[in-house]
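One structure is given here, and the rest of the page talks about it.
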Amino acid sequence: MIKQELEFREAAVGEHSSGSGTVAKPATAVDATALAAVPVAKTSDSEGRTDVEPREERYRPADIEPRWQERWAAHPELYAAEPATSNKPKYYVLEMLPYPSGALHMGHVRNYSIGDALARYMWMQGHNVLHPMGWDAFGLPAENAALKNNTPPRDWTLANIAAMRRQMQRLGLGYDWQTEVTTCLPDYYRWNQWFFLRMYERGLAYRKKSKVNWCPQCATVLANEQVVNGCCWRHEEQIVEQRDLEQWFLRTTNYSQELLDGLEKLDQWPEKVKTMQRNWIGRSEGATVDFAVEAHGEDGIAEDAEADGSERKLRRDGKSVLPARAGTASNDKVSVFTTRIDTIYGATSLQLAPEHALVQQLVATDVKLAQEVTALLDQQKMAREAGEIGTIEKHGVFTGRYAINPFSGERLPIWVANYILAGYGAGAIMSVPAHDARDYEFAQKYGLEVRIVVLLRRTTEPTGNGVEESPMLPYTGEDSLLINSGEFNMLGCQEAQHKMASFAKDNGFGTPTVTYRLRDWGVSRQRYWGTPIPIVYCVKDGIVAVPDEQLPILLPQQVEITQQGGSPLGRIPSFVETTCPKCGGPARRETDTMDTFVDSSWYFYRYTSAKEASAPFDTSAVAYWFPIDQYIGGVEHAILHLIYSRFWTRMMRDLGLIKNDEPVARLFTQGMVIRGGSKMSKSKGNTVSPDDMIARYGADATRMYSLFATPPDRDLDWQEDGVAGVSRFLGKVHRLVMKHAPRARSSEPQPPTAAIPREVSPAGLKSLRKLHQTVRKITQDFQGRWHFNTSIAAIMELVNLLMLGEASMSSGEVSAVELRHILETLVLLLAPFAPYLSAELWEELGNTGDVLRQPWPAFDEELAREEEVELPVQINGKLRSVVCVPAGADEKTLTAAAMADQKIKAALDGKQVVKVIVVPGRAVNIVAR
RNA sequence: GCCCGGAUGGCGAAAUCGGCAGACGCAGCGGACUUAAAAUCCGCAGACCCGAAACGGUCGUGGGGGUUCAAGUCCCCCUCCGGGCACCA
């Protein structure tokens with residue numbers, strides 16, 4: 001026994017030490033007999049006894065769980081997917097890969113407990129399951145740790161991965177470690193580079209100088225998606241600065257419309273996530289309209305543009321600046337984007353962003369205006385950096401110039417305003433105070449005319465002497481008719497929008513336009529620990545792509561991480577200095593690295609063929625496994641990772657690599673783990689260590705509590721007493737099964753299909769009925785709402801009932817066949833939630849082969865059906881009695897039973913029955929007067 | 001401001017269809033076992049009223065109205081909490 005145990009341990013250690021980069025054996029079907037042949041050695045307990053009578057033994061997870069870990073580690077094929085040739089239906093279940101911070105937190109435990117329960121259920125349902133795990137291993141924390149501890153980022157990261165892999169194995173999570181993906185290793189990130197080159201060839205990756213988000217703490221650029229309320233997504237207090245930098249971008253906007261349309265087909269995604277993505281893409285349908293700028297000095301009025309500020313001030317008095325006729329047009333024009341072209345006759349000014357080209361042109365010759373515009377720009381900048389760009393106090397300044405409304409021919413004063421964003425639409429708007437809340441506010445402040453061109457909805461307010469109509473301004477509804485709009489009068493707003501857009505187009509001063517909020521993805525990062533961008537800058541040839549055969553561009557391992565700015569790679573001459581692939585002359589490498597969201601945009605494709613050396617993945621394996629059947633993770637990635645992944649999938653499809661449009665068929669976003677009212681976090685000091693929980697209560701109880709406490713989509717308030725409760729429950733199961741296992745074993749094992757006993761003893765009937773009801777309930781939970789809290793509650797009810805009937809189990813009134821059926825089914829029901837205990841008890845019941853390879857128990861509707869049900873009887877809707885009636889009784893019988901009840905008779909005394917409502921199986925309600 | 005969630009005992013929650021509100025668990029209380037404790041097992045447990053008792057009554061699912069024989073569940077209005085978006089023209 002001891003010798004065997006030692007051999008077993010050695011085997012386990014040998015398998016264990018295979019690092020993530022090592023090529024493991026290919027997956028084979030599980031050999032159940034080989035598995036069974038591996039002895040599970042029992043360690044002696046603390047008092048030195050060597051395994052006394054099992055039935056006396058208490059539930060000690062610390063004794064059970066390590067033995068099974070070793071066995072599972074020695075048999076990685078148990079959790080391995082079968083190849084695409086499998087005749088089982090495929091099921092790809094995936095949890096979001098973690099950043100290897102060094103330790104799992106409870107959020108991870110919860111996420112993985114959900115995924116693992118599902119994977120195990122699907123295995124037992126006879127599916128070919130792919131359930132992989134990997135590491136999002138590039139990123140800034142490794143550099144910070146390097147600074148702090150003087151450890152190379154690679155060493156730190158790989159050590160963390162090893163530690164976390166150990167924790168996952170300790171939790172008993174059933175991952176296929178043979179497909180493990182580690183994004184910081186060259187065999188992975190070389191394909192980031194490869195994809196980058198493919199995108200560069202197609203113009204999907206490009207370099208441009210622009211205003212970018214800069215986080216001083218990260219010392220790098222951030223994508224728009226990584227800025228939350230003007231602050232860094234990693235550093236919530238850190239205001240993001242705007243810097244002008246030359247950066248690499250991926251053309252996500254090429255797919256704006258497709259990313260939006262695709263959401264319609266994702267009917268198994270949470271509505272919330274789809275809404276967030278819709279908002280982020282921010283499609284807006286409208287029109288661009290060109291306003292000619294009135295020629296300079298025309299009509300004796302516009303020459304005032306050259307006049308001093310006091311002159312102009314006079315002109316700011318609303319109507320007085322709007323003469324009936326405009327002068328002649330110059331060659332300049334201002335284009336505006338509007339979603340309400342139907343209100344164009346109500347436009348009383350144009351508002352331009354301070355950065356607008358025309359404004360820049362005007363300030364060149366107008367010192368006073370230049371100062372005012374600079375002030376507006378400063379306000380914008382300050383507001384943006386304070387995260388208050390959304391609530392900036394509106395300021396504006398009249399430029400002294402006028403534009404001509406192409407519909408009405410009217411002159412409109414051109415203003416510059418701080419609330420107009422240069423980066424959206426045309427960077428200029430037509431201001432319609434009567435029908436836009438912002439324009440209204442601005443017009444009120446500066447006394448601009450408010451002209452109503454849409455029939456107002458009126459609210460009627462009763463006043464002291466009758467009814468008074470109060471106009472609602474601004475009126476922004478689109479459900480009314482146009483007025484004061486020339487030939488478009490009396491059209492509905494929506495109809496007018498189409499007609500007026502066509503009119504503008506036909507006359508050459510406008511065009512229907514769709515704008516998006518989505519921006520191209522800035523992927524350059526001025527950091528070391530990421531994928532080098534495979535580009536070289538040559539004095540002669542300029543930007544040159546690194547040829548495929550030179551990939552991977554390896555990240556140098558010897559690097560000094562400092563806090564000084566700039567890309568660390570730029571300080572390594574051996575990396576920077578290279579030769580141009582085109583001319584062979586001296587050239588410099590790109591020293592920025594890629595955003596780590598590149599890594600996670602396609603990692604789940606790599607799992608299908610993680611050892612593929614000649615391509616990012618085996619396309620036939622991807623064709624088999626995709627789309628992912630179930631993806632599980634936190635909602636915080638709704639518009640980061642999940643939108644990038646959808647983009648990347650489409651990009652790969654257009655490269656001809658894959659056929660699917662979407663990576664994920666079904667998405668589940670689990671709730672946060674909170675404690676004491678706020679999210680568990682180190683900074684708040686309210687974390688609970690999974691290791692502590694496992695040490696105290698075992699992995700089974702820790703996992704099961706995370707499923708039992710609340711449904712998986714809600715926030716979970718971690719209460720340690722609850723874990724103790726689940727642990728007590730597992731102890732009950734353990735004791736119950738151990739106690740009765742010897743007699744259960746005395747019956748022959750039944751083949752699964754014939755497992756339901758034909759003959760049911762009177763003593764066993766109650767237990768069997770509850771058993772089959774429980775199977776039904778849990779099966780429904782897995783297929784439906786995933787309310788595992790009620791699944792586990794149902795198992796608890798079952799166990800409570802079985803314990804009440806223990807005497808009949810011991811006495812033999814319940815037959816050995818029945819007993820075996822009951823206990824085995826109980827263990828099978830527990831298998832998705834408590835893998836260790838169920839594996840242990842499965843063997844204890846005299847079975848070989850892993851519990852995971854057993855078919856999920858079937859339920860017998862006949863057996864599950866109650867013979868008698870308790871039926872509430874109400875009088876006038878109030879509960880008055882409960883009667884016991886045969887299940888499935890008809891209305892007549894139910895009415896008779898209700899009327900015959902003593903309490904009902906008494907309550908009806910002296911009353912007249914008006915009618916009786918019978919809902920079979922639900923209730924009887926007697927309406928009486 | 002707009003869009004999503006949510007609000008049920010001391011606590012986490014349950015009640016897939018409108019049909020016994022509070023399953024299951026935690027904490028609590030009582031009992032059994034024990035010299036004792038722990039562990040375990042059995043039982044009690046929404047609030048209030050009446051009473052010796054209770055398989056007696058009333059109230060009760062954030063608040064107010066409504067629909068219905070019947071509402072935690074459906075409809076209208078409101079409050080609070082959480083999340084997302086936000087001068088995006």
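Lettering of chains follows the sequences in order, A, B, ..., and the numbering in each one begins at 1.
Using a 4.0 Å heavy-atom distance criterion, A/Q351 is classed as making no nucleic acid contact. Using a 4.0 Å heavy-atom criterion, one finds that A/N800 contacts the sugar-phosphate atoms exclusively. Here A/M803 lies in heavy-atom contact (under 4.0 Å) with sugar-phosphate atoms only. Within the nucleic acid shown, A/G725 comes within 4.0 Å of sugar-phosphate atoms alone, with no base atom in reach, counting heavy atoms only. Counting any heavy atom pair closer than 4.0 Å across all strands shown, A/V927 reaches sugar-phosphate atoms only and no base atom. Looking at heavy-atom distances under 4.0 Å, A/Q780 makes contact with a base. Across all strands shown, A/E393 has heavy atoms under 4.0 Å from base atoms, whether or not it also approaches the sugar-phosphate.
If you check B/rA13, B/rG83, B/rG25 against the side chain of A/K272, the one that comes closest is B/rG83. Checking B/rU16, B/rA89, B/rC24 against the side-chain heavy atoms of A/Y424 singles out B/rA89 as nearest. The side chain of A/L804 lies closest to B/rC42 when the candidates are B/rC42, B/rA14, B/rC20. With B/rG12, B/rA89, B/rC24 as the candidates, the nucleotide lying closest to the side chain of A/Q719 is B/rG12. Closest contact between the side chain of A/I639 and the listed nucleotides B/rC85, B/rC88, B/rG19 involves B/rC85. The side chain of A/I420 sits closest to B/rA89 out of B/rA89, B/rA27, B/rC17. With B/rC42, B/rA89, B/rA14 as the choices, the nucleotide that has an atom nearest any side-chain atom of A/L421 turns out to be B/rA89. Listed nucleotides B/rA14, B/rA13, B/rG19 differ in distance to A/A923; the shortest reach to its side chain belongs to B/rG19. Here the nucleotide nearest the side chain of A/R714, chosen from B/rC24, B/rA14, B/rC41, is B/rA14. Of the candidate nucleotides B/rA89, B/rA14, B/rA70, B/rA70 has the atom nearest to the side chain of A/N925.
Figure legend: cation-pi geometry between A/R666 and A/W786, with NZ or CZ positioned under 6.0 Å from the six-membered ring centre and within 45° of its axis.
At most 12 heavy atoms of other shown residues, nucleotides or ligands fall within 6.0 angstrom of atom NZ in A/K333.
Spacing between B/rU61 and B/rC74 at atom P, rounded to whole Å, works out to 15 Å. Across B/rC49 and B/rG30, the matching C1' atoms stand 25 Å from one another, rounded to whole Å.
Base pairing analysis places B/rA89 opposite nothing; no Watson-Crick or G-U wobble pair with both distances below 3.5 Å involves it.
Ion pairing between A/K892 and A/D890 fails under the 4.0 Å rule for side-chain N and carboxylate O. Salt-bridge formation is detected for the pair A/E806/A/K739: a Lys NZ or Arg NE/NH1/NH2 atom is positioned less than 4.0 Å from an Asp or Glu carboxylate oxygen.
Put simply, CD1 on A/I917 is 12 Å from P on B/rA71, counting in whole angstrom units.
Taking for each of A/T790 and A/I926 the nucleotide of RNA chain B with the nearest heavy atom, the 5'-most of the two is the partner of A/T790.
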